[in-house]
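Here's the structure we're looking at; comments come further down.
Naming convention: chains lettered A, B, ... in sequence-line order (proteins, then strands); numbering from 1 in each chain.
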Number of protein chains: 2
Amino acid sequence: MTKPKEVTIYDLARKLNVSIATVSRALKDDPVVSKKTKKKIFDLAEEMGYRYNHFARNLREQRTYTIGVIVPRLNSYFMSTVIAGIESVANNEGYTLIISQSSESAGKEVDSAKTMFNNRVDGLLVSLAYETDDLSHFDQFKKKNVPLIFFDRVAEYPDCTSVLIDNRRGAYESTSHLIAQGCKRIVHITATPKRNVYVDRLAGYKQALADHHLPFEEKYILINNLSQEAGNQAAAAILQMNPLPDAVFAANDNVAVGCMLALKKAGIRIPQDIAFAGFNNDPVSTVVEPNLTTINYPGYKMGEMAAASLINHLNGVNSIDATNTILLRSELIIRASSLQTKSDSQ
Amino acid sequence: MTKPKEVTIYDLARKLNVSIATVSRALKDDPVVSKKTKKKIFDLAEEMGYRYNHFARNLREQRTYTIGVIVPRLNSYFMSTVIAGIESVANNEGYTLIISQSSESAGKEVDSAKTMFNNRVDGLLVSLAYETDDLSHFDQFKKKNVPLIFFDRVAEYPDCTSVLIDNRRGAYESTSHLIAQGCKRIVHITATPKRNVYVDRLAGYKQALADHHLPFEEKYILINNLSQEAGNQAAAAILQMNPLPDAVFAANDNVAVGCMLALKKAGIRIPQDIAFAGFNNDPVSTVVEPNLTTINYPGYKMGEMAAASLINHLNGVNSIDATNTILLRSELIIRASSLQTKSDSQ
DNA sequence: TGAATCAATGTAACCGATTACATTGTTTTT
DNA sequence: AAAAACAATGTAATCGGTTACATTGATTCA
């Protein structure tokens with residue numbers, strides 16, 4: 001019932017009458033070992049079912065070949081796509097991932113950071129929780145020179161690369177599109193202004209209004225947690241407004257969909273009465289009726305870029321380290337929820 | 001630029017003039033060490049910023065305190081919920097996770113298993129890919145006495161616990177409900193009959209037909225990969241049928257939604273012309289119109305159960321080991337997509 | 001009071017790799 | 001032919017914990 005004994009380089013060395021140093025070198029394909037010896041060693045390793053012991057190496061090298069990933073939640077289409085991107089790069093490079101969810105809570109984010117720290121991750125990829133104010137739980141990493149990269153929900157932190165899209169521009173395009181469709185009273189549903197993504201989207205929205213000589217009105221800004229349920233409540237708030245707004249630009253698709261459903265139930269026609277635009281290009285945007293105009297978000301690419309950048313850094317490739325921000329391209333996808341609301345009859 | 005030196009138990013021992021054995025024991029709260037000594041050691045550890053080195057322990061103990069998780073995909077609501085459940089239990093018990101996606105490919109599943117094996121996971125949680133036939137990539141774990149638990153998409157494998165719902169019963173209830181609504185020609189959209197979940201749902205569907213004296217017809221079984229796009233194609237197939245079926249029972253919500261959207265576009269009324277029922281209670285089921293009748297699937301609970309069961313096993317708690325299958329409760333959620341299709345006018 | 005018991009701590013081997021620094025035998029150079 | 005250079009391999013210390021077994025000093029018991 002006990003585990004069978006593991007084969008080690010000592011076993012291989014003994015059988016072949018060579019030293020463990022030679023075996024160790026051969027197994028990592030060190031050119032200093034002769035081809036003939038290498039072949040013998042590889043063959044025997046295969047035959048005896050040798051498996052490499054990462055822990056011995058980690059102990060000796062003081063590295064873990066592990067990357068920590070902290071995300072607000074896993075169960076969104078966007079995040080799981082990002083993770084898939086991270087995973088593909090990390091696996092290729094021989095790194096394993098430790099993934100943890102902060103559940104949008106600053107407290108859990110601190111705990112996650114602690115776990116990552118105690119697991120001695122070689123590097124850290126982070127997308128911040130809604131509620132995180134203070135970044136001091138990352139100081140411990142900085143102190144140990146563990147590189148840290150933020151993606152999507154980023155922050156100003158010394159010597160950190162950020163990978164994200166141009167949220168301001170996406171919001172600007174979206175809002176401008178709504179204006180071009182004839183909308184003048186545009187509600188913006190967003191989340192806590194603690195996070196760059198929401199600050200920037202708000203800024204893009206404002207800029208678009210300004211550039212088209214429309215007034216910015218504080219009452220049109222609705223702040224919540226962007227869940228579908230929050231969209232439902234936002235709809236109630238919107239129905240109280242007089243005059244009714246003629247468009248909604250939401251900071252994600254989820255909340256947009258929740259809001260659309262509730263408004264439809266109240267007899268509002270979309271897009272004729274109120275046009276909609278969301279953000280993320282979540283699959284749900286093609287299910288809701290009418291289909292939701294949105295911003296396509298390159299999640300997989302973002303994961304790949306963040307992981308690649310981190311690993312380059314770990315390998316010392318990133319010598320210049322001038323890259324402080326990596327911006328990925330996003331694009332406006334126009335669907336029925338925002339089309340021709342005022343110019344044409346539908 | 002190099003990393004500052006780590007504090008070890010040797011440093012603590014030296015400063016306090018005790019042996020490393022005492023320090024080691026104190027840090028794991030061994031009752032054999034006196035309270036006074038413990039306090040000194042804890043305080044100094046705190047003060048000097050000592051961090052525990054997992055690798056030294058793992059090397060010595062021949063364990064990793066790591067659990068491998070192989071899933072078909074992360075980016076479904078269901079799976080990320082399961083993962084969240086697994087994570088909460090694992091974190092609590094001091095285990096870390098290595099998560100890998102097979103992307104529904106048998107080949108990638110084999111690779112993932114290899115990675116897990118080389119990382120020497122203490123245990124493995126698996127939900128099988130569509131295409132996996134052969135389970136021999138798990139033999140290596142069995143040979144090393146690494147416990148393996150399947151969840152949701154399970155298989156017959158010696159000495160393995162499975163955590164799942166009663167798919168047959170869920171399908172039976174769903175189909176019976178459709179029949180009770182007056183439906184007689186019920187299409188079943190499902191995936192490869194290699195996987196238990198689809199075999200069992202098909203069996204439940206057949207049983208319901210039989211119990212209500214309805215004929216089973218092979219042509220009503222549509223097999224695909226259950227994506228939204230596949231639902232779209234299924235709709236095309238359904239439109240070719242003559243007479244038109246009067247209900248669809250789909251093995252997941254995604255494919256149901258894809259199918260509904262396409263049928264609606266073709267002028268079919270739901271539920272009046274064709275009623276719908278899905279499976280999973282994915283959020284999309286409350287977005288599509290009409291809202292989709294479905295089976296609620298306890299993903300978080302499933303993750304918790306699978307992880308707890310595995311860890312019990314690792315701790316030797318699970319001495320009896322009689323539990324071969326853990327069945328979780330699922331429930332039919334009736335929504336507008338299946339209601340009163342034939343009895344009432346709508 | 002001497003033996004037995006016990007609480008607290010110490011000693012040292014061990015887990016399985018990596019690698020700086022020797023050592024050996026062979027080839028090239030002058 | 002002796003010296004220098006080189007290719008291939010070996011020796012041994014090291015990473016930081018765990019734990020079986022030994023030791024020490026104090027307390028209890030008859």
Side-chain angles (χ1 to χ4, degrees), chain A residues 2-42 44-45 48-66 94 96 117-120 122 144, chain B residues 2-42 44-45 48-66 94 96 117-120 122 144:
Chain A
T2 56
K3 292 189 192 172
K5 201 76 176 56
E6 289 285 342
V7 177
T8 72
I9 56 170
Y10 292 87
D11 302 321
L12 300 179
R14 200 175 320 116
K15 280 234 179 178
L16 291 174
N17 271 316
V18 297
S19 72
I20 55 161
T22 301
V23 175
S24 175
R25 291 183 185 116
L27 289 174
K28 50 172 42 180
D29 211 16
D30 190 321
V32 85
V33 178
S34 75
K35 291 218 191 298
K36 220 171 44 179
T37 313
K38 260 187 211 167
K39 172 139 178 46
K40 278 196 306 186
I41 293 174
F42 277 124
L44 184 66
M48 294 183 68
Y50 167 81
R51 8 178 216 174
Y52 187 80
N53 190 323
H54 295 266
F55 302 99
R57 171 195 58 180
N58 294 349
L59 177 58
R60 170 67 211 224
E61 289 194 358
Q62 305 282 62
R63 304 181 53 179
T64 64
Y65 292 91
T66 295
T96 50
F117 187 69
N118 287 332
N119 276 290
R120 305 192 186 205
D122 286 345
K144 297 269 183 201
Chain B
T2 56
K3 293 190 190 169
K5 200 78 177 56
E6 288 285 342
V7 178
T8 72
I9 56 170
Y10 292 88
D11 302 321
L12 300 178
R14 199 174 320 114
K15 278 235 181 177
L16 292 174
N17 271 315
V18 297
S19 71
I20 55 161
T22 301
V23 175
S24 174
R25 290 183 186 117
L27 289 174
K28 48 171 45 180
D29 211 17
D30 190 320
V32 86
V33 179
S34 75
K35 290 220 193 298
K36 222 172 41 181
T37 313
K38 259 186 212 168
K39 172 141 178 44
K40 279 197 306 189
I41 292 175
F42 276 125
L44 184 66
M48 294 183 69
Y50 167 81
R51 352 182 228 178
Y52 188 80
N53 189 322
H54 296 264
F55 302 99
R57 172 194 57 180
N58 294 349
L59 178 58
R60 171 66 211 221
E61 290 194 357
Q62 305 282 61
R63 304 181 51 180
T64 63
Y65 292 91
T66 296
T96 51
F117 188 69
N118 287 332
N119 276 291
R120 303 192 188 207
D122 287 345
K144 296 269 184 201

> What integer distance in Å separates A/Lys35:NZ from D/dT9:P?
Replying inline: 12 Å

>> Using OP1 and OP2 only, check whether a side-chain N or O of A/Ser34 sits under 4.0 Å from D/dT9.
In response: yes

> What integer distance in Å separates B/Arg51:CZ from D/dG16:P?
Replying inline: 11 Å

> Looking across every strand, which nucleic acid part, if any, lies under 4.0 Å from B/Ser24 by heavy atom: base, sugar-phosphate, or nothing?
Replying inline: base

> Taking only N and O in the side chain of A/Gln62, is any of them less than 4.0 Å away from OP1 or OP2 of C/dT18?
Replying inline: no

>> Using OP1 and OP2 only, check whether a side-chain N or O of B/Ser19 sits under 4.0 Å from C/dG10.
In response: yes

> Please give, in whole Å, the distance from D/dG17 P to A/Asn58 CG?
Replying inline: 14 Å

> On DNA chain D, nearest-nucleotide positions of A/Arg25 versus A/Leu59: which is more 5'?
Replying inline: A/Arg25

> Taking the nucleotide of DNA chain D with the closest heavy atom to each, which residue, A/Thr37 or A/Tyr10, is nearer the 5' end?
Replying inline: A/Thr37

> Expressed in angstrom and rounded to an integer, what is the separation of A/Tyr50 atom OH from C/dG16 atom C1'?
Replying inline: 8 Å

> Do B/Asp122 and B/Thr64 have a side chain donor and acceptor closer than 3.5 Å?
Replying inline: yes

> Between A/Lys28 and B/Pro31, which has a closest nucleotide on DNA chain C that is more 5'?
Replying inline: B/Pro31

> What distance do A/Asn53 atom CG and B/Arg120 atom CZ have between them, rounded to the nearest 0.5 Å?
Replying inline: 4.0 Å

>> Once you apply a heavy-atom cut-off of 4.0 Å, does B/Asn17 come out as touching a base, just sugar-phosphate, or nothing?
In response: sugar-phosphate

>> Ring of A/Tyr65, cation from A/Arg63 - is the NZ or CZ under 6.0 Å from the centre and inside 45° of the axis?
In response: yes

> Which distance, rounded to the nearest 0.5 Å, do you find between the CD of A/Gln62 and the CZ of B/Phe55?
Replying inline: 10.0 Å

> Does A/Tyr52 make a side-chain donor-acceptor contact with the base of C/dA17, cut-off 3.5 Å?
Replying inline: no

> Between D/dT19 atom P and B/Arg60 atom CZ, what is the distance in whole Å?
Replying inline: 7 Å

> Looking at A/Phe117, does the NZ or CZ of B/Arg51 lie under 6.0 angstrom from its six-membered ring centre and within 45 degrees of the ring axis?
Replying inline: yes

> Between B/Tyr65 (OH) and D/dT18 (P), how many Å, whole number?
Replying inline: 9 Å

> For A/Glu61 and D/dT14, what is the distance between atoms CD and C1' respectively, to the nearest whole Å?
Replying inline: 13 Å

> Nearest-Å distance, CD1 (A/Ile9) to P (C/dT19)?
Replying inline: 12 Å

> Under 3.5 Å, is there an N or O donor on one side and an acceptor on the other linking the side chain of B/Arg57 and the base of D/dT18?
Replying inline: no

>> Under 4.0 Å, heavy atoms only, any strand: does B/Thr8 hit a base, just the sugar-phosphate, or nothing?
In response: sugar-phosphate

